[in-house]
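The block underneath contains the structure these notes are about, expressed in structure tokens.
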Protein chains: 2
Amino acid sequence: MGWRIPEALKERSGQADAGKSIDPFSICNISSSPVSVFKSENLYSEGNSADHVYVVRSGLCFSFRYDEDGRRQIIDLAFPGDFIGLEALTQARFVSSVSALTQAELVAYSVDDFTRQCYDEPALSRALVECIAKEHAILTKRLVGVAHSPADQRIAHFLLEIRSRALQSSKLHPVSEGTRNRALITAGGDFNLKLPQAIIADTLGLSIVHVSRTLSKLKEEGLIEDSSAGIRYRNLDGLKALALWEGISPWLEAG
Amino acid sequence: MGWRIPEALKERSGQADAGKSIDPFSICNISSSPVSVFKSENLYSEGNSADHVYVVRSGLCFSFRYDEDGRRQIIDLAFPGDFIGLEALTQARFVSSVSALTQAELVAYSVDDFTRQCYDEPALSRALVECIAKEHAILTKRLVGVAHSPADQRIAHFLLEIRSRALQSSKLHPVSEGTRNRALITAGGDFNLKLPQAIIADTLGLSIVHVSRTLSKLKEEGLIEDSSAGIRYRNLDGLKALALWEGISPWLEAG
DNA sequence: CGTAGCCTTGACCGACGTCAATGATGGTGG
DNA sequence: CCACCATCATTGACGTCGGTCAAGGCTACG
């Protein structure tokens, strides 16, 4: 998913509750329960009854569906602060699955409580709409990309998008060094990324083989660097040029 | 876009306002102004200041963006009853354009009024979330499809989706025979569809040429029939089989 | 040391895009 | 009623991006 509550509200000025911020990890009046998901474990699966929504506290999750050929299509990644499973608000059963890329901690809210609270607190609804709008923008962007762009461009864009979202997330929801996403993201101020290529492939609708080839190409071109520690962004401007990274929706503009 | 207010609320039971329905063409307390768009004319364009949201009253519209190569990617079609331009709720300027496929009549609501009303009337927010969820489902579905499916499957799915949405729309928002979408959709109880192939191509990320070829194939296989009057669905079950049309999200299940 | 993930690389092939020419169709004006 | 034009659809030739299959390497971990 990928909807971050607090700053969405803060940014919106001129509203009754402008500047008011909602703590996504403990939304007023709603009882929340903590949930842990181990690496490669599912938080929920397609078909499960959908009676909770979640917010990522730490770790990295992703939502996906299988198409009829059994191929996995990743819908989106979820960083700390992001919502997961909002479809529960409108449907009895999940139509997608969510799994963890690393050990992840989340908080769960009952759908009934959440819905009630939306009625009592328009600001929450409002925040929801903001978050969903962001999600919408990311999806349409990806749709355009998947439909038309060549693989190198798609991948470059993906790398930048992830970087941007990870940075934003870690700014807004810093985690103690101990539980830091060390396995996956960020090292000090600098940034490098460790994701299985299969994740990239399934997100962008490419084959693993082709992702590998394309990453090698980007490596040769000096745009990135790849070690066992993960992908390092070596030439940001070059990447942005390749990805045509400008005029991107405001949410993604960090960095 | 594509978010239909009234039944969204009706379907949701157990809520304070279950059964209450909102007339999308005249939302309580909000002043609305009628808008007409001629065929091939833009309702608004990328970059325009976004201070209204719209609901389609009659006709058929579509939203799109250009990617950097100048290629048009259609995001979605909008049928009577569907919302258009909800991004105005969260952004100062539109990031997509909307154009009319036929002469279309819409109603416009000022964003400020609409937002205010969302605060006063949780049911409206609620409806909004429902509508957006539907949109989300359609988009992810298309994303999965665009990423993986071969052209014939994509097209078959698209044809079915359009049919389904058109039928739903005309059921919920019947129009007088005079203004009926005769140019495009529906003929009596039966259904046939007249859309430029370019629309199909730009929606699914295919080239016009390939759409033409693929439609010819579908014709040969007896699944559809194509005349100057439009596409006629000749073998619905065959189409569904090809499109793997089952377990589709509930919104699309009509027909 | 062996096994399991994950990544890389090569050979091959097919789906789909591009270019370009040719055909319908329908609307407009003389 | 016909000439003309714009729009849209069809068809063929050709190239390429990216998928599939298959084999082999690199860590990492028990």
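By convention in this document, chain letters (A, B, ...) are assigned in the order of the sequence lines, proteins followed by strands, and residues within each chain are numbered from 1. Side chains included, hydrogens not; waters and symmetry mates left out as well; all remaining heavy atoms used.
- The phosphate of D:dT10 (OP1 or OP2) has a side-chain N or O of B:Q197 nearer than 4.0 angstrom.
- Ring geometry, B:Y66 versus B:F64: the interplanar angle exceeds 60°, so the pair is classed perpendicular (tilted spans 30 to 60°).
- For C:dC6, the OP1/OP2 oxygens have no side-chain nitrogen or oxygen of A:S212 closer than 4.0 Å.
- Using modelled atom types and a 3.5 Å distance limit, the side chains of A:H136 and B:E87 yield no donor-acceptor pair.
- Separating the CD atom of B:E220 from the P atom of D:dT10 is a distance of 12 Å, rounded to the nearest angstrom.
- Between the C1' atom of C:dT8 and the CD1 atom of A:I231 lies a distance of 14 Å, rounded to the nearest Å.
- Between B:L215 atom CG and D:dA9 atom C1' there is a gap of 10 Å when expressed in whole angstrom units.
- OP1 or OP2 of C:dT8 lies within a sub-4.0 Å distance of a side-chain N or O belonging to A:K219.
- The aromatic rings of B:F94 and B:Y44 sit parallel, their planes meeting at an angle under 30°, below the 60° perpendicular limit.
- A side-chain donor from one of B:E105 and B:S36 sits under 3.5 Å from a side-chain acceptor of the other.
- Classification of B:R71 and B:D202 as a salt-bridged pair fails, no side-chain N sitting under 4.0 Å from a carboxylate O.
- Rounded to a whole Å, the NZ atom of A:K39 is 12 Å from the P atom of C:dG5.
- In this structure, A:I200 places its CD1 atom 10 Å from P of C:dT8, rounding to the nearest Å.
- The only option from A:T102, A:L101, A:L106, A:N42 that meets the side chain to side chain contact (heavy atoms under 4.5 Å, CB included) definition with A:V37 turns out to be A:L106.
- Note: NZ (B:K194) to P (C:dT25) measures 10 Å, nearest angstrom.
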B/S/- contact track for nucleotides 12-30 of chain D, protein heavy atom under 4.0 Å: BB----BSBB---------
